[in-house]
Number of protein chains: 2
Amino acid sequence: MEFDLLLPTLQQSQWFSSLPIELQQTIVTTGTTKQLKQGHYLHRKGDKVDGLYCLISGKLRVSNLTLAGQELILTWLQVGNWFGEISMFDGLPRTHDAIAEQDCILLKLSNQDFEQLLAKQPNLYPHFMRLLCQRVRTTFKLIDEMASLSLKGQLCRRLLLLAEGLELWPTGSIISDAGLFKLTISQESLALMLHSSRQTVNKILKELQAEGLLKVHYGQITLFDKSRLLSLSQV
Amino acid sequence: MEFDLLLPTLQQSQWFSSLPIELQQTIVTTGTTKQLKQGHYLHRKGDKVDGLYCLISGKLRVSNLTLAGQELILTWLQVGNWFGEISMFDGLPRTHDAIAEQDCILLKLSNQDFEQLLAKQPNLYPHFMRLLCQRVRTTFKLIDEMASLSLKGQLCRRLLLLAEGLELWPTGSIISDAGLFKLTISQESLALMLHSSRQTVNKILKELQAEGLLKVHYGQITLFDKSRLLSLSQV
DNA sequence: AATAAACTGTCGCCAAATAGACAATTGGAT
DNA sequence: ATCCAATTGTCTATTTGGCGACAGTTTATT
């Protein structure tokens, strides 16, 4: 795959862009691209590991099924996000389902490529450990927030996360607050992420709209005031 | 520190006991022990990293404060548990408070020792990556359960976790079901772990007692039937 | 332009959980 | 033996959110 073509996309990842340029180059030249049609699974929970991925274009939904058969959405992966590293590093089965919500293009680093790479250059290990650490920190933060925030606070938090991309914010970072931001997501989907109901999400969104923070459209939400959303996502 | 003295304790960790014996030995001889009096903090959220720890004796509470000042208990660490690896590997601040609930003895592997160890033997990296992966898997599981289980299910799950130790269960593993198990914990503390209220926890415990699964005492709970608790912790 | 499908807005009812209050019980300390 | 602090048990009132129902709106398709 051509380096210059992929680079702008890959650079959107905080993790990737912090890698030494040689490693970036190695990853791109070693990796292969893969197409995935809308509605198809990239993998299911319990699948054997096949590689580490970066989403180049499209949209992936990451979720699990409860025993009752309800889908619990963990998150959507955005262009530039890396994922699949856990099974990659411990060899155990996938933790979640990953489904293409749109046609996707992925950059794939296979097991074998990965092992060879690290065998040759063990000094690269710390970089991949940082990727894992970032994942743990994000999930810890999620647990805290699920427990301590009101539903309204959780919703504000999610809207921001979806707008800003899913990577961990450096503590105290200032959110880019330039103008509006249009999110394409249904209230039903939001409810599945919050493990709440569509009706309740609708009610809260209407409140936020009345407060002038956002505007609700058909299948879309326009964020007006990210900084006020941020302050609300602490209550 | 003497290898033979610590070994039985350290072996309680699934992770540690899976390490090659030379690495086990290196860790014990490199590490230093540290005492921590009851009520003292080992570290607070946001602290700079100083090392990787294993709890040798005593009991540590891991928690966070909400903005409202309420303590959210993530878990109790049991003898044999390793922790503190995240900050160790990415160099960023601690994610939680860690407080001694009893006098504690800890085995500490300092930053410097750790870095020297890995610089000399980069083939050890995968072992530490497995430790991190285990942490991510445990937290993902926690997120799923918080979202999908009823409060009763969550409570059953926690009681089992407290009884069995906190390390990730291999999928489908059979719980040691030999006889009774006495947990020393107040209903108030359980409520803080579940992010629920004391009254509600009390009500559910009484239900479980009526069903013959356990018996409630002052500051203690005796588990009678772990396998039935397990089946309840899936609803 | 007509139709179907997906999504939103809003009822009202019900179950679950919170929170305050207070009595009763237990265990440790003096 | 007595007292105190911590913990438990159990009431209430109140809040929150889930869920069914259904009408209205938007978008895509033909």
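Note that the coordinates shown come from a computational prediction; the quantities given were computed from them, not determined experimentally. Any value given below was found using the heavy atoms of this structure, including those in side chains, with hydrogens, waters and symmetry copies removed.
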### Query
Are K59(A) and D103(A) close enough for a salt bridge, meaning some N to O gap below 4.0 Å?
no

### Task
Could you tell me the separation between the NZ atom of K215(B) and the C1' atom of dT26(C), rounded to a whole number of Å?
13 Å

### Message
Looking at R158(B) and E145(B), is there a salt bridge between them, counting it only when a charged N and a carboxylate O are closer than 4.0 Å?
### Response
no

### Query
For Q187(A) and dT8(C), what is the distance between atoms CD and P respectively, to the nearest whole Å?
4 Å

### Task
Could you check K203(B) against K203(A) and say which one's nearest nucleotide on DNA chain D is further toward the 5' end?
K203(B)

### Summary
Whole-Å distance, I185(B) CD1 to dT7(D) P, equals 11 Å

### Task
May I ask you to test the L55(A)-S57(A) pair for a side-chain heavy-atom distance under 4.5 Å?
no

### Task
Sugar-phosphate means primed atoms, P, OP1 and OP2; the rest is base. With that split, encode nucleotides 18-29 of chain D 5' to 3' as B, S or - using protein heavy atoms under 4.0 Å.
SBBB----BS--

## Note on the structure
Whole-Å distance, L155(A) CG to dG17(D) C1', equals 14 Å

### Task
Compare side-chain N and O positions of N202(B) against OP1 and OP2 of dT8(D) and report whether any pair is under 4.0 Å apart.
no

### Query
Got a donor-acceptor contact below 3.5 angstrom from the S87(B) side chain to the P93(B) backbone?
yes

### Message
Just the rounded figure in Å: distance from P of dT18(C) to CG of L192(B).
### Response
12 Å

### Query
Rounded to whole angstrom units, what separation is found between the CD atom of E188(A) and the P atom of dG9(C)?
14 Å

## Note on the structure
Whole-Å distance, L208(A) CG to dT8(C) P, equals 15 Å

### Query
Hey, is the side chain of Q220(A) poking within less than 4.0 Å of OP1 or OP2 on dT8(C), counting only N and O atoms?
no

### Message
Without decimals, in angstroms, what is the distance between E207(B) CD and dG9(D) P?
### Response
13 Å

### Message
Using 30° and 60° as the class boundaries, would you call the ring planes of F83(A) and H43(A) parallel, tilted or perpendicular?
### Response
tilted

### Task
Look at K206(B) and dG9(D) and indicate whether a side-chain polar atom (N or O) is within less than 4.0 Å of OP1 or OP2.
yes

### Task
Go through the steps for T222(A) and H217(A) under the test side chain to side chain donor-acceptor pair (under 3.5 Å), then give the verdict.
CA-CA 8 Å; T222(A) 307; H217(A) 317 272; 2.6 Å; yes

### Query
Any side-chain heavy atom of I221(A) sitting closer than 4.5 Å to one from K182(A)?
no

